[in-house]
Amino acid sequence: MLARSALRSARPVGAAARNAASKTASRSVSTSSSTAEGASSWKTNALPVGATAFAIGTVAWYAYIAGRDVDAMTPAEEGLHPTQYPWEHAKWNKTFDSQALRRGFQVYREVCASCHSLSRIPYRSLVGKIMTVDEAKALAEENEYDTEPNDEGEIEKRPGKLSDYLPGPYKNDEAARAANNGALPPDLSLMVKARHGGCNYIFSLLTGYPDEPPAGAVVPEGLNFNPYFPGTGIAMARVLYDDLVEYEDETPATTSQMAKDVTEFLNWAAEPEADDRKKMGWKVLAVTSVLTALSIWVKRYKWASVKSRKIVYNPPIKSPILSKLPKPTNKS
Amino acid sequence: MAGLTSFVYNTVFRSNVTMLTTVFASAFAMQLAFDTGSDRIWDSINRGRQWKDVKVRYVQKAEDDDDE
Amino acid sequence: MPALANTTRAIARSWTQHSLPVARAGCVAMQSRDASTSTFESPFKGQGSTKIPSFGHYKKTGGDENGPKLMSYFMVGTMGALASLGAKATVQDFLVNMSASADVLAQAKVEIDLAAIPEGKNVIIKWRGKPVFIRHRTEGEIKEAEDTKWESLRDPQKDADRVKKPEWLIMLGVCTHLGCVPIGEAGDFGGWFCPCHGSHYDISGRIRKGPAPLNLEIPEYDFPEDGKVVIG
């Protein structure tokens, strides 16, 4: 590190170095140049080079000591770090489990949707992943949407179509705040991507409500204690209780089961392309690794003739130039 | 063996045109084979997880409902 | 700092060494030229410089020489095939990017219940921001449309080419002249009439009179089941 910085700092003084080089070169030709001159030139370089090296070294040392993981946050401020759970769908070779997505969507619809919107998910994207076309159409028709202005300029209501997006529980953010003591329930479409910790955070948050806040914890009026939420005071109360929903596939609806399903569903909502992405990823890896091996082989093949080439050079016999010059004759 | 190699060499690689044709034709075939094969592996790794595995129950159910 | 000095010294030494052979060659050239003879002689007369070392060790002994050739061509060819496969997939992915996205495609289709349209009535619906005329034609209108001598029209087209089911005429309600919306059940030919510049369309939507150059355009549509049409 230090040597490299010294080398780098030597670049500005390249001119001086070149000077010295030409001097030594000339010294090797004619032995008359003085050694004192050379010594003084590297002494003048020593000060700036040394100072630069010292400065760079100091900065590097400081960065090494203090440059990483500096934050003034306490666990209370940024929330308890969520546990790492072995999410099956997060593995690089696994897709989402459609059955779990279906259960998760049911939990979303029956529980979360009363406060949280999922505004980036259209009904059509549920088709072929969570439900059949007919189910999605029927679901869409349960809600009404604005039509385009008709001949009189009036906007009428029509039943939803597959191209419509899931409706939110509130008309706008102000209505949402008014209904929730001033707290805005965030849109959940991208929540898994938007929160540090992703699935782990959401699962921990949903299942992390203690029965009563620990001794000494200050919980402001209207808020609930959750150690995983930054600041620990969260406006959302615990919503998931055992057997809150009744799964159509008769999976026991425990709190953690529902939290797990809805987390997986929200992960799908945030990354609906994940399955295709993973599949494409390992296909690309497979092709490129074979391609890499082949190209290494071809490179070695093409270079074989170059690398195994022998260049032989036998220099002529050295003899002093002066002896070869024609001798002056004194005969004239 | 020697006869086979020289036969392949003479028919496929001797002329540049035939070699290029073979290369592109085999690229096409390889893509087909690779896509099919990788889909099959992917589906077997994720058996029971994808919608096409789960779908049967719900489609079946919808048809049963229609019959009733 | 001593490192720097060492480097410079090394550079200097290598310079002098490099310049030597050139100088030496020059000297050899000079010395070998004999003043008495004018014929050219090669200056490179070192011992054995033309003696080629044996490469016999590398030579393939025995067997068919096509084997290694086949191997190398196979490897090169496979690499080419794989590379073209990858290039094709890459290019394709970029091109797919440019086509319409899923949300646009989802809105690009309109489903209409035809049972609500009585015979001999026009219905105008909106599709991709444009009006679409749906005409439930009567027997007489179908006969009239089919019996018209279409060969001599401005934009000659058979009625059969313009409809999938003769009783349903579905077309874009945009005049091919300057894009006005024609009025239904009007004009000299019992079809549509464009009020902007007076183009008359017949009951098959073909231009018969006026400035418009082409017949009214037919969108993509399909009858997935009886009594329903999907436009787009």
Side-chain angles (χ1 to χ4, degrees), chain B, chain C residues 55-109 111-116 222-230:
Chain B
M1 188 61 206
L4 183 70
T5 52
S6 49
F7 172 74
V8 173
Y9 173 74
N10 285 327
T11 47
V12 178
F13 295 124
R14 190 66 175 270
S15 142
N16 197 24
V17 175
T18 49
M19 173 160 170
L20 281 180
T21 318
T22 316
V23 163
F24 284 113
S26 63
F28 187 77
M30 261 156 65
Q31 186 188 17
L32 212 66
F34 180 70
D35 282 350
T36 321
S38 58
D39 277 358
R40 198 165 292 169
I41 294 171
W42 183 254
D43 290 348
S44 76
I45 290 174
N46 291 292
R47 189 180 303 284
R49 296 178 70 79
Q50 297 185 87
W51 175 247
K52 55 186 155 205
D53 306 328
V54 174
K55 187 168 75 175
V56 188
R57 309 173 199 179
Y58 301 105
V59 174
Q60 203 72 41
K61 208 172 84 182
E63 280 171 5
D64 290 350
D65 289 350
D66 287 348
D67 295 342
E68 281 162 14
Chain C
F55 288 94
H57 178 65
Y58 301 103
K59 200 176 174 188
K60 184 178 160 61
T61 50
D64 186 9
E65 69 166 8
N66 283 336
K69 268 189 191 169
L70 196 67
M71 176 67 176
S72 57
Y73 278 119
F74 174 76
M75 294 300 248
V76 173
T78 314
M79 192 173 83
L82 273 184
S84 59
L85 192 154
K88 183 235 161 203
T90 311
V91 170
Q92 194 173 34
D93 282 357
F94 274 100
L95 290 183
V96 165
N97 240 354
M98 297 193 326
S99 64
S101 57
D103 61 329
V104 174
L105 285 181
Q107 287 177 334
K109 281 185 190 290
E111 196 178 293
I112 297 131
D113 192 9
L114 293 177
D222 196 22
F223 299 96
E225 52 191 280
D226 265 355
K228 257 189 187 167
V229 64
V230 172

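Chain A is the first sequence line, chain B the second, and so forth, proteins listed ahead of strands; every chain is numbered from 1.
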K.L.:
Identify, with sequence neighbours excluded, every residue that meets side-chain hydrogen bond (donor to acceptor under 3.5 Å, both in side chains) alongside K88(C).
P.N.:
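Partners of K88(C) under the side-chain hydrogen bond (donor to acceptor under 3.5 Å, both in side chains) test: Q31(B), Q92(C).
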K.L.:
Spell out the residues in residues 78-86 of chain C that have some non-hydrogen atom less than 4.5 Å away from a non-hydrogen atom of chain B, in order of number; otherwise answer 'none'.
P.N.:
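When heavy atoms of chain B are the reference, residues 78-86 of chain C contributes G80(C), A81(C), L82(C), S84(C), L85(C) within the under-4.5 Å range.
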K.L.:
Would you give the length of the straight line joining atom OG1 of T5(B) to atom NZ of K69(C), rounded to the nearest 0.5 angstrom?
P.N.:
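The OG1 atom of T5(B) sits 11.0 Å away from the NZ atom of K69(C).
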K.L.:
Work out which heavy atom in L114(C) is nearest to a heavy atom in F223(C); give both atom names and the distance.
P.N.:
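Nearest heavy atoms, L114(C) then F223(C): CD1-CE2, 3.7 Å.
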K.L.:
So for atom OH, which belongs to Y73(C), do other residues, nucleotides or ligands contribute more than 12 heavy atoms lying within a distance under 6.0 Å?
P.N.:
no
K.L.:
At a heavy-atom separation under 4.5 Å, does F24(B) approach chain C through its side chain, its backbone, both, or neither?
P.N.:
side chain
K.L.:
What closest approach, in Å, do F94(C) and N97(C) show between heavy atoms, and which atom pair accounts for it?
P.N.:
O-CB, 3.0 Å
K.L.:
Which residues, numbered in order, of residues 33-48 of chain B come under 4.5 angstrom of chain C by heavy-atom distance?
P.N.:
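Interface residues of residues 33-48 of chain B: none, nothing closer than 4.5 Å to chain C.
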K.L.:
With a 4.5 Å heavy-atom cut-off (strictly below), which parts of residues 14-21 of chain B touch chain C? List them by number.
P.N.:
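Within residues 14-21 of chain B, near chain C: M19(B).
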K.L.:
Do other residues, nucleotides or ligands put more than 12 heavy atoms under 6.0 Å from the CZ atom of F74(C)?
P.N.:
no
